[in-house]
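Within every chain, numbering begins at 1; the chains are lettered A, B, ... in the order of the sequence lines, protein sequences first and strands thereafter.
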2 protein chains.
Amino acid sequence: MRASDRAYAALRDDIIEWRLLPGTVLAEVEQSERLGVSRTPLREALSRLTAEGLTTAAGGRGVVVTDISLEDIDELFELRETLECKAAALAAERGDAALFLQIQKELLEAPDLISGADPARHDYYVLVGRLDEAIDAAISNSYLAQAMRSLRVHLVRVRRLAADDAARLTAAAAEHAAIAEAIAARNPRLAEAATTVHLHRSLSHVKATHTPH
Amino acid sequence: MRASDRAYAALRDDIIEWRLLPGTVLAEVEQSERLGVSRTPLREALSRLTAEGLTTAAGGRGVVVTDISLEDIDELFELRETLECKAAALAAERGDAALFLQIQKELLEAPDLISGADPARHDYYVLVGRLDEAIDAAISNSYLAQAMRSLRVHLVRVRRLAADDAARLTAAAAEHAAIAEAIAARNPRLAEAATTVHLHRSLSHVKATHTPH
DNA sequence: ACTTCCTTCAGTGTATACAAAAATACCGAT
DNA sequence: ATCGGTATTTTTGTATACACTGAAGGAAGT
C-alpha cells in the first residue's frame with residue numbers, strides 16, 4: 001500500500017471519528033511526522049481530503065478540518081433526499097428483484113443484530129452497507145453512484161454525532177426493509193416514498209439527539 | 001498564481017477542448033516538461049483532475065484521459081436532471097425574483113448575441129453562466145451547488161461534441177428564459193418542468209448531432 | 001521456432017533540500 | 001496606548017535526487 005494511501009485513510013478516519021475536530025489546522029510537517037510519511041504523500045492525502053470537502057484549504061495557513069453546522073446537516077439531507085430518492089426509483093426500475101428481496105429478509109431479522117453483543121453494531125452497519133451497494137449497482141449510473149458515495153463520507157461523520165440507540169436502529173432497519181421491499185416489488189414511486197420517509201426520520205433523530213460539542 | 005494551478009488549468013482546458021483525446025496517457029515527466037513545471041505540482045494537478053473524473057488512474061502506469069461514451073452522456077443527463085430540477089425548484093422557493101426577472105429579460109434578447117459577430121458566442125455563454133450562478137446562489141445549499149459544479153465540467157466537455165448551430169442556441173435561450181421566468185414567478189413545479197423540458201431538448205440535440213470521433 | 005528467464009529501462013512513488021510567501025511578533029513613531 | 005512598518009520565523013510551494021516497481025526486449029535453452 002502506498003504511503004499516500006495510508007496517510008489519506010488515517011486522516012480520513014480521524015476526521016470522521018471526530019478525533020480531529022473541526023477547525024483543527026493540519027500542518028504538513030506536524031502531520032507527516034505523526035503519520036510517519038514524508039510531506040509529499042501527505043500533501044496528496046490532503047488534496048484528496050480537500051476535494052472531498054472534509055478539509056478546506058485556508059490560504060497560506062495549511063488546511064483545516066471542515067466544520068459541520070446544523071445548517072450543513074439540513075443541506076446535506078436535502079441533497080441526500082434528492083439523490084437517494086432518484087436512486088431508489090431507478091433501482092426499482094432496473095434492479096434485480098431477487099437480490100433486494102434477500103436483503104429485505106435479512107433486514108427484517110436485523111433486531112437480532114442490534115440487540116447482539118457488539119456495541120459497535122458492526123454486522124448491522126455491514127448489512128445496511130450492502131443495501132447501499134446493491135442500489136449503487138442497480139442504478140447503473142456511475143455519475144449518480146459517485147455523487148452518492150461522496151455524500152456518504154459526510155453522512156457517516158454526521159451519524160457519529162447522533163446517539164444510535166437500539167430503538168432508533170430497529171426502526172431504521174424496518175425503514176430500510178421497506179425500501180428494499182419496494183425496490184423488489186419494482187415500484188419506483190413507492191421506493192422513492194419509502195426513502196423520503198426514512199431520510200426524514202433519520203434527520204429528525206439526528207437533530208433531536210444532536211449534542212453540541 | 002501557483003504552478004500547480006497553471007498545470008491544472010492547462011490540462012483541464014486541453015481535455016475539455018478535446019485537444020487531449022480520451023485514452024491519452026499523461027506521463028508525468030512528459031507533461032511536466034510540456035507545461036514547464038516540475039513533477040510535484042503536476043502530480044497535484046493530476047490528482048485534482050482524477051478527483052473530478054476527467055482522468056483515471058491507470059495503476060502504476062500514469063493517468064489516462066477519461067472517455068465519454070454515449071451511455072455516459074445518458075447517465076450524465078440523468079444525474080443532471082435530478083440535480084438541476086431540484087435546484088430550479090429550490091431557487092423558485094428561495095430566490096430573488098427581481099434578479100431572475102432581469103436575467104429572463106436579457107435571455108429574451110439573446111438572439112442578438114447569437115447572431116452577432118463572435119463565432120464562439122462568448123457573450124451568450126456568459127449570460128447562461130450568470131443564470132447558473134444565480135441558481136447556485138439562490139438555493140443556498142453548498143453541497144448541492146458543489147455537486148452541480150462538478151457535473152458542469154463534464155457537460156462542457158460533452159457540449160463541445162455537439163454542433164452548436166444558431167437555431168439550437170436560440171431555442172435553448174428561450175428555454176432558459178422560461179426557467180428564469182418560472183423562478184421569478186416563484187413557481188417551483190413550473191421551474192422544475194421547464195428545466196426538464198430544456199434538458200431533454202439539449203440531450204436530444206447532442207445525441208442527434210453527435211459526431212463519433 | 002517457441003518459450004522462459006534474465007536484464008535493462010522507463011516511469012511512478014517517496015524523501016529531502018531549497019525558495020517563496022505569509023503570518024506573527026517586535027520595535028518605533030505618533 | 002495604539003497604529004504602522006519591518007524583520008523574523010514558520011509554513012507552504014517547488015524542484016530534484018533517489019528508490020522501487022512493473023514492463024518490454026533480448027538471449028539462451030529446449
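No side-chain heavy atom of A/Q31 sits less than 4.5 Å from a side-chain heavy atom of A/R39. Between B/Y8 and B/D13, every side-chain heavy-atom pair lies at or beyond the 4.5 Å cut-off.
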With ring-ring contact (aromatic ring centres under 6.0 Å, His included) as the test, would you mind laying out the steps for B/H200 and B/F77 before giving the verdict?
CA-CA 8 Å; B/H200 278 255; B/F77 271 76; 8.8 Å; no
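In the model, B/E75 has a side-chain atom that pairs as donor or acceptor with a side-chain atom of A/S142 under 3.5 Å.
Each salt bridge (Lys or Arg N to Asp or Glu O under 4.0 Å) pair with one or both residues in residues 141-161 of chain B, not counting sequence neighbours, appears once here: B/E17-B/R160, B/D132-B/R152, B/D136-B/R149, B/D136-B/R152.
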How does each nucleotide of nucleotides 7-21 of chain C score, in 5' to 3' order, for protein heavy atoms under 4.0 Å: base (B), sugar-phosphate only (S), or none (-)?
-----BBBBBB----
